[in-house]
2 protein chains.
Amino acid sequence: MTDFRKPKSMVDQIYISLFNAITAGALEPGCRLVEQDLQKDFEVSRAPIREAIRLLEADGLVVVDAYKKKHVRNLTREDLVDNIPVLACLESLAARLATAKITTKQIDELEGINQEIQQAFSAGNFSKCAELNFAFHRVFLKVADNKALHRAIRSIVKSTLWLWLASQYYKNNAIIPSSIEEHALILESFRSKDVRLVETRVREHIENVLERFLKQSKFDTEGIYQFGGAIGQPGNEPSEI
Amino acid sequence: MTDFRKPKSMVDQIYISLFNAITAGALEPGCRLVEQDLQKDFEVSRAPIREAIRLLEADGLVVVDAYKKKHVRNLTREDLVDNIPVLACLESLAARLATAKITTKQIDELEGINQEIQQAFSAGNFSKCAELNFAFHRVFLKVADNKALHRAIRSIVKSTLWLWLASQYYKNNAIIPSSIEEHALILESFRSKDVRLVETRVREHIENVLERFLKQSKFDTEGIYQFGGAIGQPGNEPSEI
DNA sequence: ACCTTGACTGTTGTCGACAATCAACATATA
DNA sequence: TATATGTTGATTGTCGACAACAGTCAAGGT
């Protein structure tokens with residue numbers, strides 16, 4: 001009767017800590033994850049650490065090299081390029097599904113978020129911009145109300161999230177304003193209930209965002225982060241589906 | 001110098017065994033996975049079993065109930081319905097990407113597979129039909145050459161595979177022939193390099209296949225497998241992405 | 001100088017045991 | 001009888017220890 005929120009399991013706590021550390025850039029791509037070290041950091045035994053790492057591996061955030069050593073995954077430019085059409089396709093599907101169901105109130109909510117992005121940008125609060133951007137897309141993903149779609153999008157966002165957060169994307173240029181404009185266009189098409197228009201605009205918006213990001217990311221200047229393509233990428237799962 | 005293929009790790013072996021057991025229907029939906037029992041079956045300690053189960057959990061094949069007990073996931077009809085537009089969207093994207101790259105030789109390969117499906121169907125070898133069907137789609141997924149897309153599709157197929165395999169889908173009716181016809185149409189549009197046509201036909205093919213499947217699956221007669229919706233579905237991950 | 005050999009180290013894989021949790025049942029008390 | 005309390009069994013969570021394996025380095029032989 002006293003303690004409401006029980007502490008999450010060790011595995012969950014470690015998973016979340018590592019996930020945040022990776023996506024926030026504290027653990028850089030290519031960085032090794034040594035169970036013994038983590039054991040000291042978290043003051044637990046290796047068992048829950050191993051399980052947490054397995055989960056990160058399933059997320060694609062951690063990869064195992066030929067010697068079974070674990071590393072933070074290093075996204076290549078190609079990985080990111082690959083993600084563009086997939087995410088564009090899934091987000092536009094979400095928008096399409098949402099069009100029929102979305103209420104005026106929810107569109108207003110989106111409008112409010114878009115204004116908040118504007119304000120955060122004016123105030124120079126770029127991490128808030130990032131968070132609000134995710135919030136914007138989460139709204140119609142929720143309206144679309146499709147678990148499989150939600151899962152698919154989350155999987156992609158999770159595995160590349162750190163790139164967004166660790167990047168300079170949300171700073172110092174006119175990228176946010178154009179994103180805000182595109183959001184406004186999307187809202188307009190939601191209001192008109194024009195499914196094809198919604199779909200097209202969301203698809204293009206996602207493509208634009210990712211391509212803009214790609215242009216100004218480190219990829220174009222120095223290629224890749226450390227560890228090039230030396231470490232296996234996800235897709236080495238045991239089964240052959 | 002003597003042993004070429006080293007034995008996979010315990011975790012991989014257990015993962016594969018359980019994966020196959022679940023998708024083949026040997027472990028029925030709702031069925032509990034008790035570590036102690038599996039320990040006896042596989043003659044290993046609980047550590048690798050726990051890790052394998054974590055992976056299955058990440059795949060969405062195993063869910064954890066409120067009392068932390070592990071169960072084979074029970075897909076609801078809604079889950080399957082949710083998957084239809086997502087898989088249709090992703091497969092048609094794969095087809096679109098493949099259209100530009102696919103060679104005449106590869107189209108011929110697809111044609112060959114389609115004929116093999118026909119033969120297997122005539123011979124009454126339905127499980128071969130299923131396998132060849134997957135092979136057909138794998139071809140242009142491979143041609144599309146997009147790791148992110150491959151990952152997304154595999155994730156969906158993995159989590160619902162058992163339904164296909166455990167079902168009566170590939171038996172006793174005219175569903176296969178119409179699938180073969182649709183494949184032929186897809187091939188034709190690949191040959192014409194008409195991207196929009198390819199995209200549309202693949203999308204419709206996937207939608208048709210899944211809807212036909214849905215119609216004749218157990219869902220329509222007795223609703224759901226045991227355990228209804230009592231057990232949490234995937235999506236209860238610790239983080240809030 | 002070059003190659004082998006063997007010991008040492010760092011790291012992961014696996015194990016058996018103990019602790020914690022919860023359901024189910026039994027027992028006690030009003 | 002009904003409610004509260006204790007006990008037991010089943011199951012999962014966590015731990016510390018050992019085994020296995022690759023990499024490094026130094027000693028020794030050719």
Side-chain angles (χ1 to χ4, degrees), chain A residues 1-18 22 27 30-58 61-73 227 230-232 234 236-238, chain B residues 1-18 27 30-58 61-73 227 230-232 234 236-239:
Chain A
M1 286 295 177
T2 50
D3 55 338
F4 294 126
R5 57 182 64 195
K6 345 181 164 179
K8 298 204 178 207
S9 75
M10 267 300 145
V11 176
D12 286 353
Q13 289 180 47
I14 295 167
Y15 170 79
I16 292 174
S17 290
L18 290 177
I22 293 171
L27 290 172
C31 173
R32 285 196 50 194
L33 291 178
V34 178
E35 292 167 8
Q36 234 171 14
D37 297 346
L38 297 173
Q39 180 177 4
K40 287 168 195 159
D41 293 345
F42 290 105
E43 294 177 332
V44 292
S45 76
R46 279 173 50 219
I49 289 176
R50 286 177 61 83
E51 293 183 28
I53 291 180
R54 286 272 180 206
L55 293 179
L56 293 166
E57 222 182 306
L61 286 172
V62 167
V63 292
V64 183
D65 66 20
Y67 305 115
K68 308 201 173 178
K69 298 192 196 306
K70 274 78 173 178
H71 303 255
V72 175
R73 182 187 179 194
F227 281 89
I231 299 175
N236 306 327
E237 274 108 285
Chain B
M1 285 296 175
T2 49
D3 56 337
F4 294 126
R5 57 182 66 193
K6 344 180 165 181
K8 299 207 178 204
S9 74
M10 266 302 145
V11 176
D12 285 354
Q13 289 180 47
I14 295 166
Y15 170 80
I16 293 174
S17 290
L18 289 178
L27 290 172
C31 173
R32 283 198 51 194
L33 292 178
V34 178
E35 292 167 9
Q36 231 171 16
D37 298 346
L38 298 173
Q39 179 177 5
K40 285 167 195 158
D41 293 345
F42 289 104
E43 293 177 334
V44 293
S45 76
R46 279 173 50 218
I49 289 176
R50 286 178 62 83
E51 294 183 28
I53 290 180
R54 286 273 180 205
L55 293 179
L56 293 167
E57 222 181 305
L61 285 172
V62 167
V63 291
V64 183
D65 66 18
Y67 305 114
K68 308 199 174 179
K69 300 192 194 306
K70 275 80 174 177
H71 302 255
V72 175
R73 183 186 177 194
F227 281 88
I231 297 174
N236 306 328
E237 275 107 286
S239 76

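Only this structure's heavy atoms are used, side chains among them; waters, hydrogens and symmetry mates stay out. In what follows, every chain begins at residue 1, and chains take the letters A, B, ... in the order their sequences are listed.
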Would you tabulate the nitrogen or oxygen pairs shorter than 3.5 Å linking the protein to nucleotides 8-11 of chain C?
from    : atom 1 : to       : atom 2 : distance (Å)
dT11(C) : O3'    : Arg32(A) : NH2    : 3.2

### Query
What is the distance, rounded to the nearest whole Å, between atom CE of Met10(B) and atom P of dA19(D)?
17 Å
### Query
Heavy atoms, side chains only, cut-off 4.5 Å: are Leu33(A) and Leu27(A) in contact?
yes
### Query
Quick one: side-chain hydrogen bond (donor to acceptor under 3.5 Å, both in side chains) partners of Arg54(B), sequence neighbours excluded?
Glu51(A)
### Tyr67(B) side chain near dA23(C) phosphate (N/O to OP1/OP2, under 4.0 Å)
yes
### Message
Ser17(B): which residues meet the side-chain contact (heavy atoms from CB on, under 4.5 Å) condition with it, sequence neighbours left out?
### Response
Phe42(B)
#### Entry: Distance in Å, Leu55(A) CG paired with Ile16(A) CD1, rounded so as to fall on 0.5 Å steps
10.5 Å
### Task
Answer whether the closest heavy-atom distance between the side chains of Ile53(A) and Leu38(A) falls below 4.5 Å.
yes
#### Entry: Value in whole Å for how far the P atom of dG16(C) lies from CZ of Arg50(B)
16 Å
### Query
Separation of Ile49(A) atom CD1 from dG13(D) atom P, in whole Å?
16 Å
### Query
What residues, two or more places apart in sequence or in another chain, satisfy side-chain contact (heavy atoms from CB on, under 4.5 Å) together with Gln39(B)?
Gln36(B), Arg46(B), Ile49(B)
### Task
Measure the distance from CG on Asp65(A) to C1' on dG23(D) and round it to the nearest whole Å.
13 Å
### Task
Could you check which residues of residues 38-47 of chain A get a heavy atom under 4.0 Å from DNA chain D? Sort them by number, please.
Val44(A), Ser45(A), Arg46(A), Ala47(A)
### Task
Under the side-chain contact (heavy atoms from CB on, under 4.5 Å) rule, what do Arg50(B) and Arg50(A) come out as? Steps first, then yes or no, please.
CA-CA 10 Å; Arg50(B) 286 178 62 83; Arg50(A) 286 177 61 83; over 6 Å; no
Look for any protein N or O under 3.5 Å of an N or O in nucleotides 6-8 of chain D and output each such pair with its distance, or none.
none

### Any residue meeting side-chain contact (heavy atoms from CB on, under 4.5 Å) with Lys69(B), in chain and number order, not counting sequence neighbours
Arg32(B), Asp65(B), Tyr67(B), His71(B)
### Task
For Ala52(B) and Ile14(B), work out which heavy atoms get closest and say how close.
CB-CG2, 3.7 Å
